[in-house]
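Worksheet: the structure to be examined is printed underneath.
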Amino acid sequence: KPCWEQGLFRLGRYFDSLRAELERAQVQYELAYDERNRRRIERRSTLIEYVRHAMAAYAAALLHGSAYIYQSMPRLLTLWTDRWAQYMHENTLAADALQASKRA
């Protein structure tokens, strides 16, 4: 039986580093609202994919062993809670905008 745990853990770290680099680039380079808005959406979907892949790899590493549990589990939980908080924040903003448009 091959040992997949280390490879999956490293794959998770790789996607996590891609996500961090994309977030850094997004902060450094603010996009305009006109035609560049499309690029912002593309970056956002790429960011979400990186997070999804990183979480899947960390979870798979946990399924295949416990050598990296002290690195994989905290990172998996951090990514999950951060994305959930961001999702809730975005939904709250969208609901507030919808209510404001109904009042107008």
Side-chain angles (χ1 to χ4, degrees):
K1 173 183 169 189
C3 181
W4 289 91
E5 181 185 11
Q6 182 179 15
L8 289 166
F9 171 71
R10 290 181 190 270
L11 181 64
R13 275 194 356 198
Y14 172 71
F15 279 116
D16 204 11
S17 68
L18 289 176
R19 176 209 51 84
E21 184 61 35
L22 188 61
E23 281 183 343
R24 259 186 251 115
Q26 215 167 5
V27 168
Q28 292 173 357
Y29 182 70
E30 282 298 320
L31 299 169
Y33 288 125
D34 50 277
E35 74 201 36
R36 295 184 182 207
N37 196 23
R38 184 178 71 238
R39 287 180 55 194
R40 181 182 303 176
I41 293 169
E42 289 171 1
R43 282 185 178 192
R44 172 122 175 88
S45 64
T46 304
L47 183 66
I48 291 169
E49 286 299 310
Y50 287 161
V51 170
R52 189 177 66 81
H53 289 311
M55 289 174 61
Y58 284 136
L62 290 169
L63 286 174
H64 288 286
S66 60
Y68 294 95
I69 192 167
Y70 294 111
Q71 294 90 7
S72 296
M73 182 62 79
R75 193 63 196 139
L76 176 63
L77 292 174
T78 300
L79 288 171
W80 181 60
T81 54
D82 287 351
R83 292 305 140 207
W84 180 255
Q86 184 177 8
Y87 172 77
M88 292 303 293
H89 177 71
E90 289 172 358
N91 282 347
T92 302
L93 292 177
D96 291 346
L98 182 62
Q99 286 179 353
S101 68
K102 286 183 179 179
R103 284 187 221 140

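One is the number of the first residue; the rest follow in order along the sequence. Since we're looking at a predicted model, the values are computed, not measured.
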Item to check | Partner set under side-chain hydrogen bond (donor to acceptor under 3.5 Å, both in side chains) for E21, not counting sequence neighbours | outcome: R24
Checklist outcome for this item: Nearest heavy-atom contact between A57 and L8 is CB-O, 3.5 Å
Checklist outcome for this item: Residues A54 and G12: closest non-hydrogen pair is CB-O, 3.7 Å
Checklist outcome for this item: Residues at least two apart in sequence or cross-chain that pass salt bridge (charged side-chain N to carboxylate O under 4.0 Å, His left out) with R19, listed by chain then number, are D16, E23
Checklist entry - Transitively linked via ILVMFWY side-chain contacts under 4.5 Å: L22 with Y14? => result yes
Checklist entry - With clusters built from Ile, Leu, Val, Met, Phe, Trp and Tyr whose side-chain heavy atoms come within less than 4.5 Å, directly or transitively, what are the remaining members of the cluster of L77, listed by chain and number? => result F9, V51, M55, Y58, L62, Y68, I69, Y70, M73, L76, L79, W80
